[in-house]
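Here the structure comes first, spelled out in structure tokens, and everything after it is commentary.
We name chains A, B, ... by the order of the sequence lines, and we start the count at 1 in each one.
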Amino acid sequence: MARIKLQDIHKHYGSGANAFHALRGVSLEMHSGEFVALLGPSGSGKTTLLRAIAGLESINSGCIQIGDDLVAAPGRHVLPERRNVGVVFQSHALWPHMTVFDNVLFPLRESGLSAAQASPRVMEALAQVDLQALARRTPGELSGGQKQRVALARAMVARPRVILFDEPLASLDVELRRDMMRHIDQMRSTQSSMVYVTHNQEEALALADRVVVLSEGCIEQVDTPIRLCREPQTEMVARFVGAGNLLPARRISAAQGGLAEVALGDYHFAARDTSAGSTQTELRLCLAPTAFVVAAPNAPGLSVLVEHVFFQGSSYAVDAVLQGALAVPLSLVLPFEAQPRRGDVLRLQVRDAWVMPEARGTSQLI
Amino acid sequence: MARIKLQDIHKHYGSGANAFHALRGVSLEMHSGEFVALLGPSGSGKTTLLRAIAGLESINSGCIQIGDDLVAAPGRHVLPERRNVGVVFQSHALWPHMTVFDNVLFPLRESGLSAAQASPRVMEALAQVDLQALARRTPGELSGGQKQRVALARAMVARPRVILFDEPLASLDVELRRDMMRHIDQMRSTQSSMVYVTHNQEEALALADRVVVLSEGCIEQVDTPIRLCREPQTEMVARFVGAGNLLPARRISAAQGGLAEVALGDYHFAARDTSAGSTQTELRLCLAPTAFVVAAPNAPGLSVLVEHVFFQGSSYAVDAVLQGALAVPLSLVLPFEAQPRRGDVLRLQVRDAWVMPEARGTSQLI
Amino acid sequence: AVSGNLSLYTSQPERDARGTIEAFNALYPNVKVNVFRSGTTEVLNRLRTEIAAGSPRADVLLIADAISMEALKADGRLLRMTHLNTQQIPARYFDNERTYIGTKLISTGLVVNSKAPFKPKSWKDLLNPALKGQIVMPSPLYSGAAAIIVGAWSRTPDLGWPFIEGLKANKAIAVKGNGAVLQQVATGEKMVGVLVDFMAFNAAAKGSPVEFITPKEGLTYVTEPAAILNTASNLPAAQAFVSFLVSPQGQKFSTTLGYFPLQGNITPPAGYPKVESLRFLPMDADALLKGAEADRKRFSDIFGG
Amino acid sequence: MSGSRAPAQERWLLWLALAFLAVFSLLPAAYLALQMGLALLGPTRQAVLATLMSPDAWRASQHTLEVGLGGATLALIYGLVFALFVSLTPARPRQWLVFAFVVQALLPPQVVALAWTQLWLPLKNTLIAQGWDSWQAISNPLQSREGIILLLGIHYAPLVFLTVRAGLLNLSPEVIEAARVCGASPRSILRRVILPLVLPALVAGGALAFVSCIGNFGIPAFLGIPGDYLVLPTLIYRELSGFGPAAIPSALVLSALVAVLAALGMGVQRVFLRCGSSEVIATRLKVPPFHLGRWQTPVAMGLTLWVSLLLLAPLLALLAKSVSPGLGIALTWANLSLEHYSYVLLHNDATLRAFVNSVSLSVGSALVLAVVSLFLAYQMAYRRNVLLRRLMPWIEVPYVIPGVVLAIAMILLYLKPLPLLGWSFYNTLWIIFFAYLARFLTIQLRPVLSGFMQMPREMLEAAEVFGGSFVSRMWHIVVPLILPSVTAGALLVMLLSLNELTVSALLWATGTETLGVLVFGLEQGGESAAASAVGILSIVITLLCMLLASRLGRRLPEGVLPWRA
Ligand SMILES: Nc1ncnc2c1ncn2[C@@H]1O[C@H](COP(=O)(O)OP(=O)(O)OP(=O)(O)O)[C@@H](O)[C@H]1O
Ligand SMILES: Nc1ncnc2c1ncn2[C@@H]1O[C@H](COP(=O)(O)OP(=O)(O)OP(=O)(O)O)[C@@H](O)[C@H]1O
Ligand SMILES: [Mg+2]
Ligand SMILES: [Mg+2]
């Protein structure tokens, strides 16, 4: 259980003109026992940040504090084996020549426990991931999900101060993910803080207390999952996290009680707006795919042409194009009853919208 | 464009006592231009069936007809290169020593076209997957999604009678999947029938005209995506395709107009029932995760204890346990407004239910 | 006139084999000599295998020692060379049934490095403790000439097997061939070696710090015998070739290669002692050949390897 | 069985491949087996049994095991430590370290042994000059069991190095990192994680080293005969020299002993491989995970010096000898002589022929074996042909038995004119060529087989689905994809056959000399300086080939050329 404090971390690979800046001044504070997800597209520096916390990568400037220990600072680099962290790797990284039991036993033995002291704790950890029965197998005899569960047990058995996850579910089937997410959710009751790297917003939203959105080595937004979805602060977050549709619109009235009246073409509707009385007319709206309802053909609303329809069991994912002057593509989720078909023209009403805050120049972040 | 007809196909690996029966009498008829998904859990024989159609595997009995050609039958095995099919492999299987252009060119050249005739068709195929710009790269210089798109182009460029897909999206990120699905949806306009193997029900439902559910080498159900979700014929289909909750219930009245009154404990509600006047009291209900609505605490309904909550952006996936004598686990999807929390006890009403047909013995299928 | 192909199997060194054939061709230009040249072991292995396969290809065999010739003779593989004129050649140099005949005199004596702390004058001097660990000799297990030396030593009353055991006690080593002996003595790795004459003379002539010494008790010798196989396909050419080897011209030619001639009336190479002055250990050729097998065995029991 | 859908074109190629195997590989092996049986059962039975039961045979078998185990152990340790250092720490200059280490194994072993014994002399003379007179009596310490083991170990360590390095490079870095974050020290990671994981590779390399050690003739002949230390290959040679009528049958039976020992070594490997887990890991170890701290630089420098010495010392010794005016004459700039070069190059027409013959033989066998191995491996690995897989052990026989025995088998097989045709391969280059084909097939086949194993099956299946004909499929897809492995095998075959001696020593004839035969002949005639000159020339050719291959190899994928880091 430990607070983690990152202060202005910079990391570049290579040097001189070829240097690639993977982290450009990341600062972050995590509370004890908090579950933080690092979310970002490929190459945004998530893994680099995680490895810097684990000590597997040294940083170029800034400092990292875990609990009361300063583990990385200019001229200081505590080796990974001294940091008391647990890591779950994407490729599980189990040792194929050891049994499941020995894999989980390893961290305890290395920390100096005798076999007799360690055994019950190994079995306890295996019990947490429902694997007591398979303790004598080797990793080669396990399925992908079972392997990843062993990796979970191994990471938490020594009760490290922090458990770090690097895309632990990326190589798993859709079915197995939910099951693993349950197990990770369960681990939360232990005493460790958790940092969870992923590029899959579904996992980040489902698991984390707070989500850190990274982009090109900088933090875009740090927020709870709900606020991240409903009130994205940057276009990147809006698109990446909520798969939101961003549309230029006109403001009809300034925000009152958090709601403003906006218009898309001649369709007027209310949008959430926290810009405290801004009267700028030109604005950008963020419309979540689920923010639409089908209306009668003549009712006020937006006309869209359906381009692709994907049935989803109880709803449809639809790719559509806004009709009229503003021919932007929209991605929608429509209920089963809507029964959209390719080529249909639908009339949609907006049930919920969010006025994007005025663009913060990205230059400020770099 | 060709009808495909499979008749009582058997395939076993090994022989004698060690023989493993991968396909146990599969019969199926596909129309010209139809898009059929083969859906089933790992090891159910999907790949084996696909490879048998492609000619990469010989079958032990039964026959396969593509168009008017009998391509496999006792004593007959037309070689893959003579079957005029295209295959998209899971691992893309591009040839690393050729450029993107040459990879796509290969099937055309092999079919006897001159470079001059073939070139425009290659570029046309690459255009369909938005890759004209990368024609001169080698596969090593492409991302995973781009590689798989090249594989799509290669499979369709020679306009084969059938295009076969073996889990083409399994190794792709969630974001890339949707994009690829769009490209596959687009290919449908060409003249080929398509067989699409997957163990991911999302892809099968979204793309296919009809879905064939396989289990242990036998067909469980063949139906349109909607019917498969709403009217599963076997428990395996109910669980595997719709992630449905199966509950034992009592019948209060026989079906009328497709609806029967049923009861779970003392909660009565209507369920879809096609069993044409069956009066059997004991029955099994299939309840989709989305089939529930939250009711007032005192309203009639089911009480459930929330165990895990996963935020999904605009809804919550909830693992819950039915309270009372029948302590079965339920998986639910609740709307954003429900704001469920771990440990809550919710009152739920059933919005839609399906009475499972009386068990067809599996013995009959083997 | 003699013509056609002649197949020669020989263990002569590369340079010699080529020279000999050139000299022969000067007299018999129409004979094309095909040569297989290798170590004695390889030559005989090849011949043996050919015989086993039922079709020996050699016409003439020219190898270092008589022991192997005896074995072939016992198998009835060699032709009696009744055509040979042997008047000038001492009888000890040819088989009395004329199945093989010596072609040159190759003596074996001592070669000494100029830095040697002690110059041995006799075989017996090799037992001197001053030479402990300084002696190298060719192994009779691999070399025919060496087998003759060991046979001769063991049958000389003054030396005998105790002498050979003494060599071992003085830490002498046996190596695979004469070339290796020269190598070790000339470079100073060992101080004394048992070596054939011409190698020592050639090296000394080139400036190597070695000297050839005739031991007091006498040298041993091999005669590099030639034989004709009775399966020879070109008998006239084969007979011409062997006749040439023992003829005065052939003998004179071999002195140009650095060998002693068989006859005293032909001048040895420059810098060599006169043939008459050479002293030899008394050798009973018959006994030596018959006992070769046992000698080898006994030697390997003492020296191993 | 998927073999049942092999198309007709492939079927006749399969028959061709089988015919090739039967004629060039199985026939000599089977013939030898037959002769061994006859030797044991026929009239030579008594003599053979006597040889087999003789104390020498026992001693030699025991010694063979000793040098096999000793040499393999040393090669294992040396190769392993070197591989660990080069792969797991930032060793510099890595390229040179790997090159020098691997190239030294490609030099002919007898040349290396010779050079090493020559190195002893200056050392001894220096000591004597310092007044240590007693050293004069000390024989070369390399001429002993320990010396043989030492040289064999060093000579074959690259075999272990290459397999272990491949294993290390295939380790997932995360496997090591996972151990680090668990709090394990580097030592404990090495012992408990890395070593167990490379064990299969280690055992494979060890088995190969063992087989090579017990089959080696050059080093024990050079060091063991003076050192009174007999091993089976030298015993076989000695038996053949002894020329008793029983020599050939005994030699055959003794080489069967060698083959049995070799089979034992390979058997151990099989057992281990079955136990070992064979998880394929995609990611590769890119950044060396460990650093020796302040020891890193000294160790790297020490190792660089050591491998350079091992490579350059023999070469320099050989070079010095080839330009020295005479044996035992101190070499100075003034008396440096090129006489030996001019002799071998200008005055000996056999030299030129030998170069031409050896180069044609090595290029020819590399080419033929490359093509044959391509089809064989395709059938074995892709089509999973059971018959071919069963024949695999027989392919190794001509490689593990002593060369002289293989040569005898070739003579027995090919001496007589061929039935029907009426002419004979004997005394032509063909017989040597056939012998090389038999002997080096396994060398060529192994990398190609593993190349096919590593190639995703789907890549070839895609070729089948989209391809028109077998020929174009082979030409456009299979050949380009498998070319790196084929090249690697072909290079090894070329290098081995360029300096081959023991087989051709019995098979050559006028006009068909080989380089090995030429060197051997000069050496035997006491012209070791000329022999050194030819040796230097052939090493120069070898190095040129490697350089050329490296040049071409830049365009090949990683890991094709064994000597590139
Ligand atoms: N060892 C390295 N040398 C050079 N560049 C590197 C190295 N490791 C990472 N990078 C670069 O740093 C950037 C950030 O990499 P990082 O692995 O942290 O991304 P990520 O957010 O984890 O991406 P992904 O989702 O693909 O895993 C990438 O552009 C990557 O190419
Ligand atoms: N060559 C083979 N030899 C033996 N058994 C095989 C072979 N190929 C497949 N099988 C077995 O046949 C069964 C069906 O395999 P298949 O590959 O068709 O399954 P699948 O439905 O494609 O599964 P997955 O989703 O895992 O790809 C499996 O149990 C598999 O183990
Ligand atoms: Mg990453
Ligand atoms: Mg499959």
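Among residues 99-108 of chain A, the residues having any heavy atom closer than 4.5 Å to a heavy atom of chain D are, in sequence order, A/Phe106, A/Pro107. When the heavy atoms of residues 178-188 of chain D are compared with those of chain A, the residues falling under 4.5 Å are D/Ala178, D/Ala179, D/Arg180, D/Val181, D/Cys182, D/Gly183, D/Ala184, D/Ser185, D/Pro186, D/Ser188, listed by number.
Of the atoms belonging to A/Leu79, it is side-chain heavy atoms, and not backbone ones, that fall under 4.5 Å from chain D.
A/His97 contributes a side-chain N or O that, together with a main-chain N or O of D/Arg192, makes up a donor-acceptor pair within less than 3.5 Å.
D/Arg390 CZ: 12 or fewer foreign heavy atoms inside a 6.0 Å radius. More than 12 heavy atoms of other residues, nucleotides or ligands shown are found within 6.0 angstrom of CZ on D/Arg389.
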Return a table of donor-acceptor pairs under 3.5 angstrom between the side chains of residues 33-45 of chain A and protein atoms on other chains or two or more places apart.
from	atom 1	to	atom 2	distance (Å)
A/Glu34	OE1	A/His31	N	3.1
A/Glu34	OE1	A/Arg210	NH2	3.1
A/Glu34	OE2	A/Arg210	NE	2.6
A/Glu34	OE2	A/Arg210	NH2	3.4
A/Ser44	OG	A/Pro41	O	2.6

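A/Glu57 pairs by the side chain to side chain contact (heavy atoms under 4.5 Å, CB included) definition with A/Lys11, A/Tyr13, A/Arg51, not counting sequence neighbours.
Smallest separation of non-hydrogen atoms from D/Val175 and A/Ala93: N-CB, 4.1 Å.
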